[in-house]
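Predicted model, so just to flag it, every value in this text is computed and none were measured.
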Amino acid sequence: MKALLTITITLYISCLSGNLAAQYTSPIEYGISADLGRSYYDRLYYEDYRKFKDDGEGYISHFKSNYVWGVGFWIERHFNRNFAGLTQLTYHQTDILPDLFSQWNDSGFWYERETHHHAQAEIGMRWYINPQSKLIFFVEVRAGANMFVAAIDRPYHEKNQVNRNAFGYDRILPVASAAAGIKWRRFALMADYGHDLLRARRDDPEKLGFMDKKAGILTQRIAAKATFTIFK
């Protein structure tokens with residue numbers, strides 16, 4: 001009887017250990033994200049390679065958005081307790097003062113609002129610093145590409161104006177991101193930072209008819225981001 005009990009306990013522990021290992025090494029999680037923040041822009045004019053200050057004609061080098069919000073879907077694959085790979089798809093909408101990014105000063109309209117729509121795809125790595133704790137601290141780095149999908153200008157008393165060529169700037173750019181935060185069960189909260197790796201250049205403004213300055217814009221984004229794991 002004692003031997004049977006010993007065998008039973010041994011089998012139970014073996015099965016439990018196997019289940020725990022399977023649970024841990026069942027490494028793929030799927031989730032959604034939402035973020036809110038602001039974008040910061042640095043514009044360089046290539047005519048004389050110096051940065052103009054606001055001189056009353058719209059030549060503004062440094063400016064920022066009113067706000068940026070985004071939603072996304074992500075997949076996380078755990079390699080072990082400390083490290084995981086990330087794949088992330090995100091949509092962002094930027095609310096910005098009209099004409100500030102575009103310099104669309106001669107378009108013939110007065111705008112009440114301008115919004116930019118972006119899609120972004122990234123892959124990266126996450127490091128869980130204290131995976132045994134209930135509140136888990138982590139840092140992550142990502143790299144990918146950002147696409148300027150469209151800009152919508154809303155004139156007063158007129159139909160919306162849709163621009164799909166990013167006002168002559170490059171539409172697709174490489175980006176890099178980093179984040180640090182905490183995770184509790186299925187929820188995570190983090191500070192997220194993104195940076196274009198190249199300037200979006202506008203080399204042929206004369207083709208648009210109302211822009212006469214060649215320029216390049218470098219964008220940075222800072223946001224508070226929350227995620228929720230749907231499947232694990």
Side-chain angles (χ1 to χ4, degrees), residues 32-47 52 57-74 87-123 142-177 192 194-223 225:
I32 55 176
S33 65
D35 60 81
L36 179 66
R38 178 170 284 177
S39 291
Y40 297 84
Y41 303 90
D42 176 76
R43 177 158 41 212
L44 173 67
Y45 295 93
Y46 294 122
E47 295 299 323
F52 288 80
E57 298 184 6
Y59 297 126
I60 302 174
S61 292
H62 305 286
F63 55 98
K64 59 187 177 182
S65 67
N66 296 324
Y67 60 85
V68 180
W69 65 267
V71 292
F73 173 78
W74 53 266
T87 301
Q88 180 174 285
L89 300 175
T90 311
Y91 161 80
H92 281 111
Q93 180 174 306
T94 304
D95 185 277
I96 191 170
L97 288 176
D99 294 333
L100 191 57
F101 181 94
S102 62
Q103 298 177 294
W104 202 342
N105 300 309
D106 299 326
S107 57
F109 294 107
W110 289 96
Y111 297 105
E112 62 176 322
R113 190 181 179 192
E114 180 174 310
T115 56
H116 299 175
H117 302 264
H118 291 258
Q120 187 161 303
E122 294 178 294
I123 59 173
R142 308 183 306 273
N146 182 289
M147 179 179 182
F148 195 128
V149 179
I152 299 178
D153 286 290
R154 295 167 174 81
Y156 290 99
H157 312 299
E158 298 286 344
K159 293 182 178 180
N160 290 345
Q161 307 292 312
V162 180
N163 183 291
R164 301 186 186 280
N165 69 353
F167 302 106
Y169 288 98
D170 297 326
R171 295 183 63 206
I172 301 176
L173 292 171
V175 294
S177 305
D192 193 85
H195 195 293
D196 289 352
L197 296 178
L198 296 175
R199 288 185 183 270
R201 293 179 61 100
R202 184 170 65 195
D203 291 326
D204 298 307
E206 61 273 8
K207 290 184 179 180
L208 301 175
F210 46 80
M211 303 173 188
D212 60 351
K213 295 295 182 183
K214 296 181 180 181
I217 289 181
L218 192 68
T219 304
Q220 303 178 68
R221 185 179 60 84
I222 300 174
K225 182 177 179 180

Interatomic distance, [X] atom [atom1] to [Y] atom [atom2] [nearest 0.5 angstrom]:
X    : Y    : atom1 : atom2 : result
N66  : L100 : CG    : CG    : 9.0 Å
Y40  : H62  : OH    : NE2   : 14.0 Å
T219 : I217 : OG1   : CD1   : 6.5 Å
L173 : R201 : CG    : CZ    : 11.5 Å

Nearest heavy-atom pair of [X] and [Y]: which atoms, and what distance?
X    : Y    : answer
S33  : K225 : CB-CE, 3.8 Å
S177 : G194 : OG-CA, 3.9 Å
A200 : Y169 : O-CD2, 3.0 Å
L198 : L218 : O-CD1, 3.6 Å
L197 : A176 : CD2-CB, 3.7 Å

- Task: Before giving the answer on side chain to side chain contact (heavy atoms under 4.5 Å, CB included), spell out for E122 and T87 the whole-Å C-alpha distance, their side-chain angles and the decisive distance to 0.1 Å.
- Result: CA-CA 6 Å; E122 294 178 294; T87 301; over 6 Å; no

Quick one about [Y] and [X] (side-chain donor to acceptor, distance below 3.5 Å, no hydrogens or angles considered), yes or no?
X    : Y    : value
T115 : R154 : yes
H92  : D35  : yes
E114 : H116 : yes

Does [X] reach the main-chain N or O of [Y] with its side chain, forming a donor-acceptor pair under 3.5 Å?
X    : Y    : answer
Q120 : H118 : no
R38  : S65  : yes
R171 : F148 : yes
D196 : R199 : no
D170 : I172 : no

- Task: Specify whether F101 and F63 have parallel, tilted or perpendicular ring planes, treating 30° as the upper limit for parallel and 60° as the lower limit for perpendicular.
- Result: perpendicular

- Query: What orientation do W69 and Y91 show, parallel under 30°, tilted 30 to 60°, or perpendicular over 60°?
  - Reply: perpendicular

- Can you tell me if CD1 on I123 sees more than 12 non-hydrogen neighbours from other groups inside 6.0 Å? no

- Would S39 and Q220 satisfy side chain to side chain donor-acceptor pair (under 3.5 Å), going step by step from the backbone distance to the final call? CA-CA 6 Å; S39 291; Q220 303 178 68; over 6 Å; no

- Using the side chain to side chain contact (heavy atoms under 4.5 Å, CB included) rule, take I96 and Y41 through it: C-alpha gap first, then chi angles, then the decisive distance, then the call. CA-CA 11 Å; I96 191 170; Y41 303 90; 3.9 Å; yes

- Are any non-hydrogen side-chain atoms of R113 and D95 less than 4.5 angstrom apart?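 Side chain of R113 against side chain of D95, heavy atoms only: contact under 4.5 Å found.
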
- Message: Salt bridge check, R142 against D192: does any charged N sit closer than 4.0 Å to a carboxylate O?
- Response: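 Salt bridge: yes.
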
- Run the side chain to side chain contact (heavy atoms under 4.5 Å, CB included) check on N163 and N165 step by step: do they pass? CA-CA 6 Å; N163 183 291; N165 69 353; 2.5 Å; yes

